[in-house]
There are 2 protein chains.
Amino acid sequence: MAKKRASYHHGNLAESLLDAVNTIAEQFGIEAVTLRGCAKHLGVSPSSAFRHYSDKRALFTAFATRALNQLSDTLQQAHTEADSRGNDALMAVGLAYVQYALAHPALFRAMWREEAIYTQDPDYLEAALRLQGQISSGFAGSIDDGDPEAISDQELLLWSAVHGLANLYVDGNLNGHLSQFERLKKVEAVITTLKPALLSSDQ
Amino acid sequence: MAKKRASYHHGNLAESLLDAVNTIAEQFGIEAVTLRGCAKHLGVSPSSAFRHYSDKRALFTAFATRALNQLSDTLQQAHTEADSRGNDALMAVGLAYVQYALAHPALFRAMWREEAIYTQDPDYLEAALRLQGQISSGFAGSIDDGDPEAISDQELLLWSAVHGLANLYVDGNLNGHLSQFERLKKVEAVITTLKPALLSSDQ
DNA sequence: TCAGTATGTGTACATTGTTCACTTTTTTCT
DNA sequence: AGAAAAAAGTGAACAATGTACACATACTGA
């Protein structure tokens with residue numbers, strides 16, 4: 001870390017700071033991320049961060065936004081892949097959601113730190129809505145329409161279930177004795193159990 | 001705050017510190033809770049806390065444990081009340097779970113801060129298991145048996161769903177335009193949608 | 001009563017977020 | 001091209017925080 005750079009200016013500090021948060025969060029947890037630590041990691045003075053983010057919270061907001069979009073990308077990919085293989089999209093998306101959380105616990109936590117980010121930031125809100133849309137996209141007849149705030153009971157149920165699973169595995173120490181693989185098997189079983197409730201036609 | 005006490009010794013500082021955390025967390029959020037702030041709130045020196053908790057994390061662990069047990073108490077009460085009124089226990093417990101989170105967001109968050117508490121603490125683990133048992137108790141044929149680590153797919157599904165709902169409402173800014181009451185209505189609708197998946201006999 | 005233990009105090013220190021005046025580079029305008 | 005202005009990074013500060021440690025005070029049991 002802290003390779004010395006040739007020029008006085010860094011060139012892309014805003015983005016690099018997000019990378020630094022990523023690196024440190026993955027390694028030591030999101031709570032261990034400090035502004036000074038990120039700066040040192042990049043070989044840059046502590047105060048330089050303030051040229052790009054008004055404060056720590058703003059940096060964390062940008063990071064949360066990036067993480068949300070990354071998760072959305074992952075879900076989108078899982079959906080596409082399931083479609084092309086003729087697999088169930090709901091199952092694929094649900095599994096991918098929990099799998100992402102298990103693979104990147106610190107990033108998953110970073111997305112939802114109400115008290116540590118500006119949750120009214122437009123970019124953050126947009127990313128959160130995109131994620132919601134990604135969950136909904138697995139449902140037949142789902143329309144990515146004008147009022148994305150409206151979410152059906154079934155859509156919310158699926159989201160809640162996988163979001164709850166992810167949180168219980170990542171933050172609650174549920175099934176601490178199970179391996180990652182066994183946990184995913186359990187997730188699959190739970191989604192299978194849930195499935196009937198997602199198919200009833202009377203909406 | 002900081003009423004001066006007559007005696008040099010406080011008498012019940014360990015417990016009072018938890019109360020202070022509670023007060024400050026409810027008012028300013030769990031992230032705003034500081035050791036020094038709690039001490040000042042009690043009119044006590046900052047270092048006194050260390051006689052009762054090895055560090056901030058230990059204090060937070062004790063607080064999370066207390067909050068978990070408080071939530072369990074609430075669920076237990078909801079269950080009993082539903083039984084005596086002939087209402088559905090699963091619905092009552094699920095609603096009470098989310099309701100508690102909405103009423104005490106900072107406490108609910110405090111229970112699940114993996115990076116800020118000692119999640120292997122025996123008391124904490126016990127409280128978490130008790131909560132799991134409380135969720136399971138609504139199911140017919142649930143036995144509070146020897147191996148509480150084993151949780152059925154249906155039990156985990158219910159827990160995940162309400163836990164996910166609680167988190168999405170508390171930390172995600174889901175349905176930000178809805179009132180507390182409307183949110184609870186939505187929760188009721190989601191649990192109703194979920195219900196069929198919890199009743200199938202083939203386990 | 002008195003020694004020992006438990007509990008609270010005060011001072012001190014390293015780390016953190018943040019501010020501000022300053023320097024260095026890049027861009028823009030004529 | 002050269003000057004003026006804007007953008008980006010620096011270093012020294014400051015207050016607040018968690019924590020350690022030597023000390024003071026109160027309680028308890030022989």
So, with a heavy-atom separation below 4.0 Å from DNA chain D, the residues of residues 14-30 of chain A are none
Note: contacts of residues 109-121 of chain B with DNA chain C (heavy atom, under 4.0 Å) are none
Item checked: B:D171 vs A:R113 side-chain heavy atoms within contact, under 4.5 Å -> no
Ring-plane angle category for B:H163 and B:W159, please: parallel below 30°, perpendicular beyond 60°, tilted otherwise. perpendicular
Tightest non-hydrogen contact, residues A:L131 and A:L75, listed as CD1-CD1, 3.6 Å
Does this structure show an ion pair linking B:R66 with B:E15, if we count only N-O contacts that are shorter than 4.0 Å?
yes
Ordered by number, residues from residues 50-64 of chain B within less than 4.0 Å of DNA chain D (heavy atoms) are B:F50, B:R51, B:D55, B:K56
Test for a donor-acceptor pair under 3.5 Å between the base of D:dG9 and the side chain of A:S47, counting only N and O atoms.
no
So OG of B:S48 and CG of B:L17: to nearest 0.5 Å the spacing works out to 6.5 Å
Query - B:S45 side chain near C:dT9 phosphate (N/O to OP1/OP2, under 4.0 Å) - result: yes
A:N12 CG to D:dA7 C1', in whole Å, measures 14 Å
**Request:** Indicate the ring-plane relationship of B:H104 and B:Y100, choosing parallel, tilted or perpendicular according to the 30° and 60° boundaries.
**Result:** tilted
Determine, for B:E81 against B:R85, whether the closest basic-nitrogen to carboxylate-oxygen distance falls under 4.0 angstrom. yes
Closest of C:dT16, C:dT9, D:dT17 to the A:R36 side chain is C:dT16
Scanning both residues in full, the closest heavy-atom pair of A:P46 with A:R36 reads CB-CG, 4.1 Å
Here the distance between atom P of D:dT10 and atom NZ of A:K40, to the nearest Å, is 14 Å
With a 3.5 Å cut-off and just heavy-atom distances, do the side chain of B:T34 and the base of D:dG18 make a donor-acceptor pair? no
Problem set entry | Check ion pair B:D73-B:R130 (N to O, under 4.0 angstrom) | yes
*Short side-chain to backbone donor-acceptor contact, A:E115 and B:E31, under 3.5 Å*: yes
